[in-house]
Each structure stands twice: as C-alpha cells, then as structure tokens.
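Note that these values count all heavy atoms, side chains included, but never hydrogens, waters or copies made by symmetry. Every chain is numbered from 1, with letters handed out A, B, ... down the list of sequences. Values in this document were obtained by computation on a predicted structure and should not be read as measured data.
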Protein chains: 2
Amino acid sequence: MSNLELKVLDQDAEAVACCSPMVREPLDEEAAADLAKMFKALADPVRLRLLSLIASHEGGEACVCDLTGPFDVSQPTISHHLKVLREAGLVGSERRGTWVYYWVLPAALAKLSSLLQAPAGASAGAAR
Amino acid sequence: MSNLELKVLDQDAEAVACCSPMVREPLDEEAAADLAKMFKALADPVRLRLLSLIASHEGGEACVCDLTGPFDVSQPTISHHLKVLREAGLVGSERRGTWVYYWVLPAALAKLSSLLQAPAGASAGAAR
DNA sequence: TCCTTGTTTCGACGTCTGTCGATACAGCGA
DNA sequence: TCGCTGTATCGACAGACGTCGAAACAAGGA
C-alpha cells in the first residue's frame with residue numbers, strides 16, 4: 001500500500017506546521033480532559049446549529065427568542081443547550097432588559113481550530 | 001489577543017478548506033448532524049490523547065501496542081475508542097502482519113479546523 | 001399592584017456511552 | 001500442527017446525556 005509514502009509525507013509536513021499542538025506532541029492528561037469538555041459541547045447537532053446561528057447572526061449576537069424558532073425541540077431544551085455552550089466557554093451571554101443575548105467567543109473556537117490543524121497537503125484525498 | 005490574530009493569519013494558506021466557517025452562515029440540519037458525529041468522537045479525553053499520540057508518533061502512524069501503555073484503561077477499551085475514531089473518519093488503520101497500525105486522516109481534521117475558524121475582527125466585542 | 005412575556009431551573013424519563021472481563025479471531029514461530 | 005502474542009468483539013453494567021412538562025424567576029406595561 002501507499003502507507004509508507006503516506007507517513008513520509010506526514011513527517012515532512014509536520015516540520016512545517018508550527019501551530020498544531022495535537023500533531024506535534026501528545027496531549028497530557030489534563031489538557032485532554034479540558035479540551036474534551038469543549039468538544040463535548042460541540043458534539044450535538046442542536047448545539048452546533050445554535051452556535052452557527054449565533055455566530056452568523058447580524059451583529060454577531062442573538063437573542064434567545066431568535067434561536068428557538070428554527071428547532072423542533074422545546075424552549076427549555078434550547079436553554080439547556082445554551083447553558084452547555086456557555087459553561088464550555090464557547091459563548092458569552094448577557095441580559096439586556098427583557099431579552100438575553102448570546103455571542104460567540106472567538107478565542108475559544110480559534111483554540112480548537114488551531115489544535116486540529118493538520119499538516120496541509122498530506123494524504124487522504126487532500127487536494128493540493 | 002495577538003494569539004488569535006496570529007492563528008488566523010497562519011491559516012491563510014489553508015483556504016483550501018471545503019467548508020466555510022460556521023460563523024458565516026447557519027449550518028443546515030444535515031451538515032450539523034454529520035459534523036456532530038466527528039466532534040463526538042473528539043469529545044473524550046482518552047480519544048483525544050489517542051489521536052495526538054498517533055499523530056505525533058514517529059512516522060505519523062502508531063501500532064496499537066504503542067497506544068495501550070500510556071493509559072489506565074483496558075486494552076478492549078482502547079480498541080473500542082480506536083474504532084470510534086475510525087468510524088468517525090478521523091483515522092485510518094491497516095493490519096501489517098501481527099500488528100495493526102493507525103494513522104490520522106489530515107483532511108478530516110482540516111475540515112473541522114476550518115469550520116471553527118473565527119473571523120479576526122468579528123464579534124470582537126467579546127472583550128465584553 | 002397584577003398580568004403578560006421571555007428565560008431559566010427542576011424533576012423525571014428513556015437512551016446513549018465508557019468501561020470491564022471473557023472470549024474470539026489473526027499471524028507468527030517452534 | 002500447536003501454542004503464543006496482538007487485536008477485536010461480545011455482553012453487561014453504571015453513569016452521563018438529551019428531552020420533556022411544570023414551575024420559578026425577571027422585567028416591563030396596564
């Protein structure tokens with residue numbers, strides 16, 4: 001198979017990738033537990049859609065009342081999912097008068113994004 | 001947060017990505033369900049460490065025998081987690097003689113990474 | 001003040017998930 | 001061929017998770 005070549009390419013690219021902690025060195029136990037909490041918050045279709053709804057909403061923030069409509073689940077369930085996202089540090093929230101607004105915390109997403117950065121141009125059908 | 005800016009700049013070259021960041025437009029139901037499966041595979045400390053062990057292993061691939069040592073859990077449990085990673089499309093595997101080798105599929109990681117990319121300035125009000 | 005609307009919390013329920021030991025399967029070497 | 005080592009599957013179990021309806025809390029208006 002081409003696995004031999006594969007690994008050589010991977011190794012090559014790894015030298016170039018400067019910001020990919022997970023690929024560069026094994027995660028220690030504590031870091032893994034910490035990161036797993038964030039990924040767990042993303043590991044639900046409703047929460048993923050909530051996050052993208054918030055992030056792509058005009059002004060970068062959304063009222064809860066904007067978020068309940070698009071889903072089939074009950075409003076308390078939405079509230080629960082928002083709480084999970086908030087406690088994972090992925091979103092912030094604030095009450096302003098009658099409504100509660102949520103916004104994405106870009107630093108948290110960036111942290112996960114950089115962690116997952118894989119050597120570009122490596123195997124597995126990656127064009128390039 | 002200079003860290004964030006740095007990150008975004010670095011990923012400039014990675015516009016290769018297949019998906020636009022979820023901050024640009026809301027995920028549809030189907031895409032969210034699909035992505036949630038991958039994030040679910042990452043949502044466990046043992047699997048995160050397994051993935052980073054594999055990715056950072058010499059040659060970009062690792063034998064199962066290299067992966068059972070660092071963990072407190074049993075060998076069947078490791079095997080189970082590897083299966084989850086494989087079925088999520090995050091790693092590939094192959095038996096070569098006595099041993100089974102696993103390697104990371106960079107395209108999958110890149111897909112998730114690009115999805116989580118946050119626009120540098122967007123909702124920077126997060127300083128709030 | 002009371003009522004209405006928006007949001008969160010509570011308690012309960014069924015399902016999914018991580019873990020184990022026991023066991024089956026796959027190659028290699030004697 | 002047999003036995004040994006490496007890996008995967010099976011069956012079971014406790015705990016975590018997503019969901020709901022009911023109820024509590026918060027803010028504004030009549």
Original post:
Does any pair with a residue in residues 22-56 of chain B pass disulfide (SG to SG under 2.5 Å), and if so which ones, sequence neighbours excluded?
Top reply: none
Original post:
Which pairs pass disulfide (SG to SG under 2.5 Å) with one or both residues in residues 40-106 of chain A, sequence neighbours excluded?
Top reply: C63(A)-C65(A)
Original post:
Reckon Y101(A) touches a base, only the sugar-phosphate, or nothing at all at heavy-atom distances under 4.0 Å?
Top reply: nothing
**OP:** Could you list who else is in Y101(A)'s hydrophobic cluster, with ILVMFWY side chains joined at under 4.5 Å, directly or through other members?
**Re:** W99(A)
Original post:
Which heavy atom of P70(A) sits nearest a heavy atom of R49(A), and at what distance?
Top reply: O-NH2, 3.2 Å
Original post:
Which heavy atom of I54(B) sits nearest a heavy atom of Y102(B), and at what distance?
Top reply: CG2-O, 3.3 Å
Subject >> Outermost DNA chain C nucleotides near chain A [under 4.0 Å, heavy atoms] >> reply: dG6(C) to dT9(C)
Original post:
Does D34(B) have any salt bridge (charged side-chain N to carboxylate O under 4.0 Å, His left out) partners at least two apart in sequence or in another chain, and if so, which?
Top reply: K111(B)
**OP:** Kindly write out the residues that satisfy salt bridge (charged side-chain N to carboxylate O under 4.0 Å, His left out) with D66(A), not counting sequence neighbours, or none if the list is empty.
**Re:** none
Original post:
Between which nucleotides of DNA chain D, read 5' to 3', does contact with chain B run, using atoms under 4.0 Å from its heavy atoms?
Top reply: dG6(D) to dT9(D)
Original post:
Which residue, T98(A) or R47(A), contacts DNA chain D at a nucleotide closer to its 5' end, judged by nearest heavy atom?
Top reply: R47(A)
When the side chains of residues 77-92 of chain B are checked against the rest of the protein, which donor-acceptor pairs come out under 3.5 Å, sequence neighbours left out?
from: T77(B); atom 1: OG1; to: S74(B); atom 2: OG; distance (Å): 3.0
from: H81(B); atom 1: ND1; to: R47(B); atom 2: NH1; distance (Å): 3.1

**OP:** Answer yes or no: are there more than 12 heavy-atom neighbours, outside E29(B) itself, under 6.0 Å from its atom CD?
**Re:** no
Original post:
Going through the distances and angles, do F39(B) and L112(A) end up as a side chain to side chain contact (heavy atoms under 4.5 Å, CB included)?
Top reply: CA-CA 11 Å; F39(B) 283 121; L112(A) 299 180; over 6 Å; no
Original post:
Among residues 70-90 of chain B, which residues get a heavy atom nearer than 4.0 Å to DNA chain D?
Top reply: Q75(B), P76(B), S79(B), K83(B)
